[in-house]
Amino acid sequence: MYRKTEAHINLDAIRSNFALACSLAPQSKSLAVIKANAYGHGMLRVAEALQDVAPAFAVATIDEALELRKAGINNALLVLQGVTTAAACNTAASNNLTLVVHTPEQVEGLIEAGVSVPVWLKIDTGMHRLGLAPGDFADARKRLAAGGIDVQVACTHFACADELDGDATRQQLESFNAATSDLDLPRSIANSAGVLAWPESHAQWNRPGYMLYGSSPFAVDVVTARELRPAMTLRSEIIAIRAVPTGESVGYGARWTAERPSIIGTVAIGYADGYPRHAQNGTPTLVNGKLAPLAGTVSMDAITVDLTGHDNARVGDSVELWGSGIAVNAVAAAAGTIGYQLLTGVSSRVPRTYF
Ligand SMILES: *Cc1c(COP(=O)(O)O)cnc(C)c1O
C-alpha cells in the first residue's frame, strides 16, 4: 500500500480492555463479542489475540463463526442470531457451534433438523427485537430437551443500558429475573454498558463488545470506563495545502466559507473509507498532534481541514481522524451517529496494521 491511510490496531489495548471487563465482574465468565469483523478491528487478529484468555467468542452470524473455525479458532463460539435452515443447523453441529435460539420457528427448526447443538435460549424482556416471550420460555426449553437439545444458558439483551437514569433497564432485569430465577440454569444479560455500570446484571456469562475496543458506550463520564484504551487509531496524511482568502468556500456544496484568510489542508480519507459523510464543520482531527477542525463537506476520497495557525503543517504530515488523541465517540457525535457505526464502517480500502 502506498497511500498512507490506515487503521492502526493495538491488540494489547484490546487484551487490556478484555481484562478490565473480566475484573469488573469477577464472578462472571466473559465472552468476547467479535462480530462485524471485531467492530472493524479484524476478527481473526482479535480472536488470535484473545483466544488464550477468552473462554468463548460471540459473533452475529454462522458465516462469521465458520470463518473463525476455518482459521483454526477452537474456543466456544456463540452465534447471536442463531440459524434459520436445517442445513445451517447441521453445519452448526458439525462445527461445534453454540446457537442462540430466539424464535419459536428456530425451536421447531432445530428439533426437526434432529441435530444436537448446545443452545442459549433468549427471552425478550422489553427490547422487542429478538427473543421468546417470557411465558414461552419453559415450554420451549422442554420441547428442546425432548428433542435432545440442551439449553445451556438463558439470556436476554438490554435496550437502554447506556442510559443511567430511567427505569427501562431495571424493568428488563425484573422481567428476566421473574422468568429465570427459579430455573437451575446459567444466565447471561450484560453487554458492555451492563458490565461497566449495572453490576446487578452480571451473571454467569457477560457479553462485552464495544468496550473491548476501548470506547465507552456512555455519553456521560462513567468511572469504570476511564481505564479503557482505544484500540484503533485511524490515520491519514495531508496531500495538499492551499491558502483560501476570506469569503471563498471549500468543498462540495460550498458549505464552509473562510471568515479570515485561511490555510486549508486536504487529507486522503473520505466516506469511501468509512469517514462519516455527515461529519459537521468543526469535527476535530489532529494534525501533528494539534487540533484541525473539519472545513467543508466530506468527499468520497478526501476531507478538508482548517490548518490556519498550524505554522509548520506540510504535505505528507500525519493526520489522526480518531484514536487515542480524538475519541471516536466525539467524531460520531459530530456526525449524528455512534462510535459503533464508525468503527464497524471503516471500509476494506483501509488497511489494518497491527502492533
Ligand atoms: C452486539 C451484542 C452484544 C455486545 O454489545 P456491546 O454494546 O457492543 O457491548 C452483546 N449481546 C448481544 C446479543 C449483541 O448482539
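Both ligands and their constituent atoms are indexed starting at 1 by order of listing.
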Just by distance, with hydrogens left out, do [X] and [Y] show a side-chain donor and acceptor under 3.5 Å apart?
X	Y	value
T125	S175	no
S28	N206	yes
E6	H8	yes

message: Assess whether a salt bridge exists between K290 and D311, defined as any Lys/Arg side-chain N lying under 4.0 Å from an Asp/Glu carboxylate O.
response: no
- prompt: Any Lys/Arg nitrogen of E237 or R3 sitting under 4.0 Å from an Asp/Glu carboxylate oxygen of the other?
  reply: no
Show me the side-chain donor-acceptor pairs of residues 66-79 shorter than 3.5 Å, one per line, residues at least two apart or across chains.
{"unit_1": "R69", "atom_1": "NE", "unit_2": "N95", "atom_2": "O", "d": "2.8"}
{"unit_1": "R69", "atom_1": "NH1", "unit_2": "I73", "atom_2": "O", "d": "2.6"}
{"unit_1": "R69", "atom_1": "NH1", "unit_2": "N75", "atom_2": "O", "d": "3.0"}
{"unit_1": "R69", "atom_1": "NH2", "unit_2": "N75", "atom_2": "O", "d": "3.0"}
{"unit_1": "R69", "atom_1": "NH2", "unit_2": "N96", "atom_2": "O", "d": "3.1"}
{"unit_1": "N75", "atom_1": "ND2", "unit_2": "Q51", "atom_2": "O", "d": "3.0"}
{"unit_1": "N75", "atom_1": "ND2", "unit_2": "A54", "atom_2": "O", "d": "2.8"}

Considering only N or O atoms, set out every pair between ligand 1 and the protein closer than 3.5 Å, with distances to one decimal place.
{"unit_1": "ligand 1", "atom_1": "7 (O)", "unit_2": "Y340", "atom_2": "OH", "d": "2.6"}
{"unit_1": "ligand 1", "atom_1": "8 (O)", "unit_2": "Y39", "atom_2": "OH", "d": "2.6"}
{"unit_1": "ligand 1", "atom_1": "8 (O)", "unit_2": "Y210", "atom_2": "N", "d": "2.8"}
{"unit_1": "ligand 1", "atom_1": "9 (O)", "unit_2": "S192", "atom_2": "N", "d": "2.8"}
{"unit_1": "ligand 1", "atom_1": "9 (O)", "unit_2": "S192", "atom_2": "OG", "d": "2.5"}
{"unit_1": "ligand 1", "atom_1": "9 (O)", "unit_2": "G209", "atom_2": "N", "d": "2.8"}
{"unit_1": "ligand 1", "atom_1": "9 (O)", "unit_2": "Y210", "atom_2": "N", "d": "3.4"}
{"unit_1": "ligand 1", "atom_1": "11 (N)", "unit_2": "H157", "atom_2": "ND1", "d": "3.4"}
{"unit_1": "ligand 1", "atom_1": "11 (N)", "unit_2": "R207", "atom_2": "NE", "d": "2.9"}
{"unit_1": "ligand 1", "atom_1": "11 (N)", "unit_2": "R207", "atom_2": "NH2", "d": "3.3"}
{"unit_1": "ligand 1", "atom_1": "15 (O)", "unit_2": "K35", "atom_2": "NZ", "d": "2.7"}

